[in-house]
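The next block holds one structure in the form of C-alpha cells; read it before the comments.
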Protein chains: 2
Amino acid sequence: GRFLKPVRLTLRAAGYWDLVESDIEARLKRAVEIRPPLEVYQPMHHLVFSAPKNLASALCVAACEAVGGQRGDAVTAAAALHLMHVAAITHENLLVLPEKHAHSSYDSNIQLLTADALIPLGFEMLAGQESGLGCGCDDVAGRVVRVIVEITRAIGSQGVVHRQYNEYVSRHERAEEGKFCACGAACGAILGGGDDEEVEKLRRCGRYMGMMNETSSYGDLIASGNEKAELRNLALKELSGFDEMKIERISCLLDSYASGQISMDLESVCSG
Amino acid sequence: GRFLKPVRLTLRAAGYWDLVESDIEARLKRAVEIRPPLEVYQPMHHLVFSAPKNLASALCVAACEAVGGQRGDAVTAAAALHLMHVAAITHENLLVLPEKHAHSSYDSNIQLLTADALIPLGFEMLAGQESGLGCGCDDVAGRVVRVIVEITRAIGSQGVVHRQYNEYVSRHERAEEGKFCACGAACGAILGGGDDEEVEKLRRCGRYMGMMNETSSYGDLIASGNEKAELRNLALKELSGFDEMKIERISCLLDSYASGQISMDLESVCSG
C-alpha cells in the first residue's frame with residue numbers, strides 16, 4: 001500500500017472513528033507542537049500530521065473500551081502507536097529500494113533524525129502517562145510497563161523492522177501488518193484492565209483485522225475476497241463472550257473495515 | 001571523537017571496570033545472540049559488540065551502588081544504554097556530512113534498520129527487567145517507568161538526536177555527551193532506590209564527568225586541562241555527603257577518568 005486510499009465510513013462507524021481520531025490528534029498536538037528548535041520540530045510536526053491514521057491506534061482505543069476501560073486511558077498509547085508507525089514508514093522510505101522512490105519536503109538526513117526522535121518520544125509518552133491514567137487501579141505502572149513491552153516487540157526486530165529487512169533483503173511478499181494491529185488491540189486491552197484471556201482474544205482479533213489490509217511490497221492487497229471474509233469471521237469469533245454493548249464499537253469498526261468502507265494505508269506518508 | 005582511543009586503567013579502577021563490563025557484556029550476549037533470521041541478528045551482533053564501551057553505562061552501575069543498590073539491579077539498564085548509544089552513533093554515521101566518512105562492513109540500509117531494531121530492544125529490556133530486579137522494593141514498575149522516561153529524554157529530540165540535528169544543520173561545536181552520562185547516573189540512582197536528592201546529585205556528577213570527554217564534531221576534546229580539573233572538582237563535590245564506602249567505586253572511576261587513564265570514545269563504532 002504505497003498510495004493513500006480513500007477513506008469512506010458508514011455513518012455509525014464514522015461518528016466513533018471521528019471521536020477517537022480527534023482525541024488522538026489532540027494528544028499528538030500536545031506532544032508535537034512546533035516550538036524551538038524549529039529545525040527539529042517543524043519536520044517532526046509535518047511528518048506526524050501528514051501521515052494517514054492507522055488501524056492499530058484505533059484498535060487500541062476500541063479494545064480498551066471492549067474490556068470496560070475508559071477511552072481516555074488508551075488515547076496516549078494510541079498516539080504513541082501513531083508516532084512509532086510514522087517513524088517506521090519514514091525510515092522505510094529512506095531504504096534504497098529500486099522500486100521505491102521517496103518524495104518528501106525534507107532531505108533524507110532530516111527524515112532519518114526526525115524518525116529517530118519520534119521513537120523515544122513515543123516511549124516517553126507511554127511511560128509518562130502513568131499519572132494521567134484515570135482508571136484508579138492499583139498497578140498503573142505495571143500496566144504501562146506491559147504496554148511498552150508489547151510495543152517494543154511489535155516494532156523491533158521481531159516486528160516492523162523485521163518486515164523491512166525481509167522486504168529489503170529477500171523481498172518477502174507478506175507485510176506483517178497484522179502484528180502491529182494485534183499489538184494495538186492488546187495494548188488497549190491491558191490499559192483498560194482486561195484479564196489475560198481478554199487481552200489474548202483482542203490481540204487475535206486485531207491480528208485478523210490487520211491481516212485483511214496486508215499488502216505486498218508492490219502495494220497490492222494480499223487477501224482475496226474469500227480470505228477477507230474468513231478473516232472477518234475469525235475476528236468476530238474472538239469477540240464472542242464479551243459484553244455486547246462494550247464491543248459495539250470494535251465490531252462496527254470491523255464491519256466497516258471488512259466491507260472496505262474504512263481503508264487505511266499504513267505506508268503512504270512521505271510518498272504523497 | 002571519531003577514533004578509538006586507547007583505554008588504560010589503574011589497577012583498582014580496572015578491577016571494578018572489568019567486573020561491570022563483564023556483567024554488562026553477559027547481559028548483552030543474552031539479548032543479542034546470533035540466531036535466525038541471520039540477516040537481522042548478524043549485523044546487530046556486530047554493531048553491538050564492536051562498539052566501544054561508554055561512560056553512561058558504567059555510571060549507571062556505579063550510581064546504583066552509590067545509593068546502596070545492588071550492582072545487578074542496574075546492569076540491564078546499563079546494557080540498554082549501550083544499545084541506545086550504538087543506535088545513535090550508527091545513524092549518525094549514515095548522515096551525509098562532508099567531513100565524515102562512514103566505513104562499515106554493512107551497507108547503509110542494513111545499518112539504518114539495525115539501529116532501528118536496537119532502540120526498541122533497549123526499551124524492551126528495560127521494561128522486561130521488572131521481574132528481574134532483586135531489590136525487593138514495593139514499586140519496581142514505578143522505578144522502571146521513571147528510568148524509561150529518563151532515557152527517552154536523553155536520546156530523543158531533547159538529547160542525542162537534537163545534538164545530531166545541531167551538528168547537521170548548524171554545525172554547533174558542543175557535543176552534548178554530558179546529558180547522556182547524566183542520564184546513566186540518574187537511572188542507576190533510581191534503580192538503586194536513591195531518594196530525589198541523591199538522584200539529582202548523581203545526575204549532576206554524571207553530567208560533569210560526561211562533559212570532561214565532550215568532543216567537537218572534528219573529534220577534539222573541548223575541555224582544556226583547567227576546565228577538566230574544574231569539572232572534576234564539581235563532580236567530586238556532588239559526591240560529598242554520600243557514604244564513603246559506597247561511593248568508592250564511582251569516585252575511583254572519576255579519578256581514572258579525570259587523569260585520562262580511562263578514556264572512552266563514544267562515537268567510534270562503525271568507523272573503525
Side-chain angles (χ1 to χ4, degrees), chain A residues 32 37-41 43-44 84 87-88 91-92 94-97 107-110 112-130 139-162 164-166 168-170, chain B residues 32 37-41 43-44 84 87-88 91-92 94-97 107-110 112-130 139-162 164-166 168-170:
Chain A
V32 191
L38 291 184
E39 67 270 22
V40 176
Y41 288 103
M44 189 183 276
M84 306 298 179
H91 278 182
E92 188 168 336
L94 294 180
L95 293 176
V96 186
L97 291 175
D107 78 31
S108 58
N109 288 333
I110 294 292
L112 172 67
L113 291 174
T114 303
D116 282 354
L118 289 175
I119 297 172
L121 177 60
F123 284 112
E124 184 181 347
M125 287 165 61
L126 287 166
Q129 73 174 333
E130 204 192 332
D139 185 27
V140 176
R143 287 187 192 178
V144 167
V145 168
R146 278 179 71 190
V147 164
I148 290 171
V149 172
E150 289 286 341
I151 293 181
T152 57
R153 289 187 180 155
I155 67 170
S157 49
Q158 301 169 50
V160 171
V161 173
H162 184 213
Q164 291 173 342
Y165 269 104
N166 277 342
Y168 173 62
V169 177
S170 49
Chain B
V32 192
L38 291 183
E39 66 270 21
V40 175
Y41 287 103
M44 187 183 277
M84 305 297 179
H91 277 181
E92 190 169 334
L94 294 181
L95 293 175
V96 185
L97 290 175
D107 79 30
S108 58
N109 289 333
I110 293 293
L112 172 67
L113 292 174
T114 302
D116 282 355
L118 288 175
I119 296 172
L121 178 60
F123 285 113
E124 183 182 347
M125 286 164 61
L126 287 165
Q129 74 176 328
E130 204 191 331
D139 186 27
V140 177
R143 286 187 193 177
V144 168
V145 167
R146 277 178 72 191
V147 164
I148 289 171
V149 172
E150 289 288 341
I151 293 181
T152 57
R153 288 186 181 155
I155 67 169
S157 49
Q158 300 169 51
V160 172
V161 172
H162 184 212
Q164 291 173 342
Y165 269 106
N166 278 341
Y168 172 64
V169 176
S170 50

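So that the names make sense, note that chain A is the first sequence line, chain B the second, and so on, each numbered from 1.
Between B:A141 and A:G142, the closest heavy-atom pair is CB-N, 3.7 Å. Across all their heavy atoms, A:V149 and B:A127 have their closest contact at CG2-CB, 3.4 Å.
A:I119 is not listed as a side-chain neighbour of B:T152, based on a closest heavy-atom distance of 4.5 Å or more.
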